Amino acid sequence: MIVSDSAFVLYVDHQGHPAPLAMSYHATASRRLASSLDRHPPSTVTEVDSAFCPQCLAFYDSNSASNMGYCPEAKCRLCPNCSAVANIVVEDGTAFYSCGSCAWNSKACELAVPVTVDSNGVISKEEVVKATQTLGKQYSTKAGDANKPSDTSFKGMLNALEGMAKEKVKGQRSTFIYSKGTSAAERRGIDGPEGWSVETLEESMETRRKDFSASADSRVGGQDPQIIPLDQPIVFDDSLKNEPVQALLMQQVGTGATSFAELLPLQVPLRPRKSRRCRAELAEGRPGILLKPKLNPLEGDSSLRTGHGQWWKKDSSAIQVLPRVRASKHASDGTKHAFLIKVSNPTLGNIRFRLASSDYGGEPVWDGDSTERNPLLENICVEPLNQKIVSASLAPEIGKSIQASTVVELEPGEDSFLDLGRSIYDEPEEVYRWKAEEALEDSKVSAENPSSVRVIDSRKSSAWLELIVMETPVDAGFSPAVALSLQIEVGGGSWESSLIQPESGDKKDMVNFDLVLVWDSKE
């Protein structure tokens, strides 16, 4: 008996990419899913709504943030050595930036301001504000002086290139004025369709070659071309020998630092707050908003009087709407694999569902036929928290053979904190006594009937089902995977939180969501 402790259930978005439930979204009244996976073609569109400083929590709209890029406050600086927060410290009547993680301080780069201390050794608030503003002005002056040579060179190159472009366009202008009285012999002597010749083309190509060769040695922007030998090692100043390479690469000035005294503190980059929209909903003319942040990053924090926990203007995460499907237990005897599937209801209303067969055949082959599917699911994320990535080999024939289970009704979900302290004995007795060995022995799954599914029991907002499938051979480095369908009934008091309008007719309206069950194959 082979027992494995890692099995994952993924939800397939409308582009055919399997994703964890925590990375999936369900648009309002939609019959499809979207995900935040970075796979082609993507199922969502990302937009930057605002940005904020992670140090002072000041927030800016998208236009202001795109122009600034960094927090403009003088009190927000990072250590150039370790990128930790550099605080403003007052010592011996002098205010300067100091890192609490390493021993760096801004005295080395001459960023220091004298402050006035009264007879009791106390510094007034106005004096601290004044010192902070002065440090900010000193930093701007030093950064501007460091950037001045590169800015001058860039502007000179830009002006030279603009002049060259204007001369090129001016030279291409034709001074010949066509008139109906011009003879064909006269038109042969000019450039154009009537006067084309091989000699003219060869002369033009030779002129361009000479111009290109001459431009390699010409001065552009008032600067002579600099030859950098690649066989000679770069020699740094002695004061930079013990400094990490990142300290030099992260300097936000054009010329960089050539000595330890030129290492300036780093500005804090703004963090974007992004919104997501479903591409399929947008294509059909609907807003398709999946995630919409608030402008103030503190909205929702318990430090405010109201709105505790309300971090988003809109949050259509699938984990709040869609039933959670996971494999509680599973084991294999080498030929068959048994799973104990648990389905939980996160909503405040009843949900009726069943597990059935799926026609999902893999991700789309985007560089070929749009209808072609690839059963090899390479580098898919199965655990977003731990960033666990696996590659799986899908068995489409097993997914198509699954017979639909009976419909199960789940009661509204309870607060997850109420489950704290509950023991495993709170599960139904039949579920608690379920053993994979006995299920595999009693199973009639074979090569002719490669799958079976049945409902074991249900209690309140959870239900347990047994799924047994045939083991399929997979290549080295791949895990076996099987597709199945989660069918949720809408209408008649079922899944009202989705806001999906049931279709008219005598049959029950079932919304299908493809799932992919991936597990480790240990031999």
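Quick caveat, the model's predicted, so the values are computed rather than measured.
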Could I get the full list of side-chain contact (heavy atoms from CB on, under 4.5 Å) partners for Lys314, not counting sequence neighbours?
Thr28, Ile289, Lys292, Ser316
Specify the closest pair of heavy atoms between Tyr11 and Val325, including all atoms of both residues, with the distance to one decimal.
OH-N, 2.9 Å
If you look at every heavy atom in Lys336 and Leu440, which pair is closest and at what distance?
NZ-O, 3.0 Å
Can you tell me if Arg276 and Thr46 form a side-chain donor-acceptor pair at under 3.5 Å?
yes
Are Asn105 and Ser98 close enough that a side-chain donor and a side-chain acceptor fall under 3.5 Å?
no
Hey, could you give me the NE2/CE distance between His17 and Met23, rounded to the nearest 0.5 Å?
12.0 Å
Under the 6.0 Å and 45° cation-pi test, does Arg273 pair with Trp312?
yes
Could you tell me the separation between the CG atom of Leu266 and the OH atom of Tyr70, rounded to the nearest 0.5 Å?
8.5 Å
Going by atom types only, do Gln403 and Ser357 share a side-chain donor-acceptor pair under 3.5 Å?
no
Is there a donor in the side chain of Asn386 and an acceptor in the side chain of Glu383, or the other way round, less than 3.5 Å apart?
yes
Walk me through whether Ser452 and Val445 qualify under side chain to side chain contact (heavy atoms under 4.5 Å, CB included).
CA-CA 7 Å; Ser452 68; Val445 171; 3.5 Å; yes
If you take all heavy atoms of Ala463 and Leu410, which pair is closest and at what distance?
CB-CD2, 3.6 Å
Verify the ring-centre separation between His330 and Trp519: is it less than 6.0 angstrom?
no
Going from CG on Asn345 to OG on Ser458, what distance comes out if it is rounded to the nearest 0.5 angstrom?
12.0 Å
Which pairs with one or both residues in residues 30-64 pass ring-ring contact (aromatic ring centres under 6.0 Å, His included), sequence neighbours excluded?
His40-Trp366
